[in-house]
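In what follows, chains carry the letters A, B, and so on, assigned in the order in which the sequence lines appear, proteins first and then strands, with residues in each chain numbered from 1. Worth knowing before you read on, the calculation uses all heavy atoms, side chains too, and leaves out hydrogens, waters and symmetry mates.
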2 protein chains.
Amino acid sequence: MVADADLPVAATRTSMRILETLVDLDGGGVTAIAEALDRSKSSVHDHLQTLVGLGVVVKDGHEYRLGLRFLRLGEFARSQYPMYEAGIEEVQQLSTAAGCAAGMAVLEGDSVVCLHHRLGPEAGSPRLAAGDRLPVHCTAPGKAILAALPEARREDILADHPFAAGTDQSHAKRADLAAELRTVTARGLAVDREEWEPDRRGIAATVTGPDGGVAGAIYLLTGSESHSGKRFQQDFPGLVISSATRIRNALRDA
Amino acid sequence: MVADADLPVAATRTSMRILETLVDLDGGGVTAIAEALDRSKSSVHDHLQTLVGLGVVVKDGHEYRLGLRFLRLGEFARSQYPMYEAGIEEVQQLSTAAGCAAGMAVLEGDSVVCLHHRLGPEAGSPRLAAGDRLPVHCTAPGKAILAALPEARREDILADHPFAAGTDQSHAKRADLAAELRTVTARGLAVDREEWEPDRRGIAATVTGPDGGVAGAIYLLTGSESHSGKRFQQDFPGLVISSATRIRNALRDA
DNA sequence: AAATTTGTTCGCTCATGCCGAATCGGACGA
DNA sequence: TCGTCCGATTCGGCATGAGCGAACAAATTT
């Protein structure tokens, strides 16, 4: 889950691992966490006590749960991206207009992260949460962002990329991806046809920033129901592209 | 900002302080953070290196910024509250119907925390972000939650409460507050008439959970423009109360 | 080009993170 | 009511590594 290396300040690393375990296990007691991390109970207990003291973790009874303090940090982190405020309302309208899930994603480091996701009205609307990381090579937002990056940057990102995740339809070879990205660049539009997960089709438009660089991507994501309809091919491209344009204008004016 | 005590695992505490400093200073270099915390540069540098390695902090150039990883943690933390999913759509509609800011708040530990906030269409719509902590005694959501709590719990919370924040209109005496809370309990509705901040008026309804306890509160919050209109007194109470009822029903059915 | 500022590296030392074992405390069941 | 079990908590000690100052490097300014 987290990048492994022998870092200084090991205690911090341990605390972070405890926090992520708290997410994975959906809360739990000292013992559960200790054996999940293969640490001594006493050490985990010390950490938890600290985290509780910091107000980051709350305990009710013998259960420890993640506290809401991170909400503030997370909220701040994403407010650093001007695209969030500029696009939040646009995502609402896009989702309503298309009748499916919509959201925004940005590039952080070498990975594409979901900034905001709104579920569609359909029953099995794809679940995605803000903060989730998306594969760059087999998702619509990933490709939309990748295609708009400078050559060197793109190479960097793809260099240490496993190309492992995704279904069989995902591009096996770099060459294929390079070819596809060229057409993505040309149209400012990227498509994912069940390359990431079965029954999931996505479409995304690149959002460019005032500096000419890429700010992120805005996407639509459908579940299996919408397969047959031709709206995906006919209406959706226009919808996401005009949304992207409006966000770009908002970014410029801000 | 964080509760002070001599905790074990001091390194974790330092890391958390660095993260919060990153918020307060809106990002910065090693030196800035070091002197903000009165720590040696080398120590801060070590911590930052760790945090970057964990993907929690990102550095571009000589600037360190908070990363998006916390978005996931924060998102998870609030998904622990069933009220979030049950009410997110309701807040949208409430905000639209009332034409002002709306949101939800819950009780965590001894403080009331904003779970979700949607800005209203008005220009100076009150800014509040998810994760912000609200004073319990002088805000509408705070009082709405407080009033619905069992006697003992309420006493606990008010015991170590400073009663310091807020404008002059805030209740100076516990007795006054107790009296007000009784009427709040009766109506399931709490009001804040510029007690928290000038030009800010709020109204909140208690949301009760399936277990009969209080799940949280849903609120409307207006800026100065809406002062004169009588909608605040005539329409808003009905709006928030029916919203609260719908959320309660959703919680029961889930 | 000198000076100033800022990030990074390097040893050293003492605080402290981590552990195993003992203790506590509540939740059952007889 | 007592005994048993399970998990959380406390404790003491040791080895580690967090934190510091100082030197170094790199970038920016005068």
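Distance CD (B:Gln49) to C1' (D:dG17): 14 Å, rounded to an integer number of Å. In this structure, B:Leu37 atom CG and D:dA18 atom P are separated by 17 Å, rounded to whole Å. Whole-Å rounding puts the A:Lys41 NZ to D:dC11 P distance at 16 Å. Going from atom CZ of B:Arg13 over to atom C1' of C:dA15 covers 16 Å, rounded to whole Å. Counting to the nearest Å, the P atom of D:dG19 and the CZ atom of B:Arg17 are 11 Å from each other. Residue A:Leu48 contributes atom CG, which lies 16 Å from atom P of D:dG7 at whole-angstrom precision. The interatomic distance linking B:Glu35 (CD) with D:dC20 (C1') rounds to 17 Å, in whole Å. We find that CD of B:Glu63 is positioned 13 Å from P of D:dT28, with the value rounded to whole Å.
A perpendicular orientation is assigned to the rings of A:His116 and A:Tyr84, their planes being inclined by more than 60° (bins at 30° and 60°).
When each of B:Asp26, B:Leu22, B:Val57, B:Asp60 is tested with B:Arg65 by the rule side-chain contact (heavy atoms from CB on, under 4.5 Å), just one qualifies, namely B:Asp60.
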Audit row: B:Asn249, B:Arg252, side chain to side chain donor-acceptor pair (under 3.5 Å) steps and yes/no: CA-CA 5 Å; B:Asn249 291 340; B:Arg252 174 169 35 76; 2.6 Å; yes

Side chain to side chain donor-acceptor pair (under 3.5 Å) for B:His45 and B:Tyr64? Distances and angles first, verdict last. CA-CA 11 Å; B:His45 177 260; B:Tyr64 290 87; 4.7 Å; no

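With rounding to the nearest 0.5 angstrom, the OG1 atom of A:Thr21 is 11.0 Å from the CG atom of A:Leu66.
Helix-axis bend for the helix from C:dA1-D:dT30 to C:dA30-D:dT1: the local axis fitted to the five terminal pairs at one end deviates from that at the other end by 50°, rounded to 10°.
Between B:Ser43 and D:dC20 there is a side-chain N or O to OP1 or OP2 distance below 4.0 Å. In terms of phosphate contacts, B:His45 brings a side-chain nitrogen or oxygen within less than 4.0 Å of OP1 or OP2 of C:dT8. The shortest distance between the side-chain N/O atoms of B:Tyr64 and the OP1/OP2 oxygens of C:dT6 is not below 4.0 Å. OP1 or OP2 of C:dC18 has at least one side-chain nitrogen or oxygen of A:Thr14 nearer than 4.0 Å. For D:dG19, one of the phosphate oxygens OP1 or OP2 lies less than 4.0 angstrom from a side-chain nitrogen or oxygen of B:His47.
Note on B:Arg154 versus B:Glu151: salt bridge recorded, some NZ/NE/NH1/NH2 to OD/OE distance being below 4.0 Å.
Residue B:Thr31 is classed as a sugar-phosphate contact, given heavy-atom separations below 4.0 Å to backbone atoms only.
Checked against C:dC10, D:dT10, C:dC18, the side chain of A:Ser40 finds its nearest nucleotide in C:dC18.
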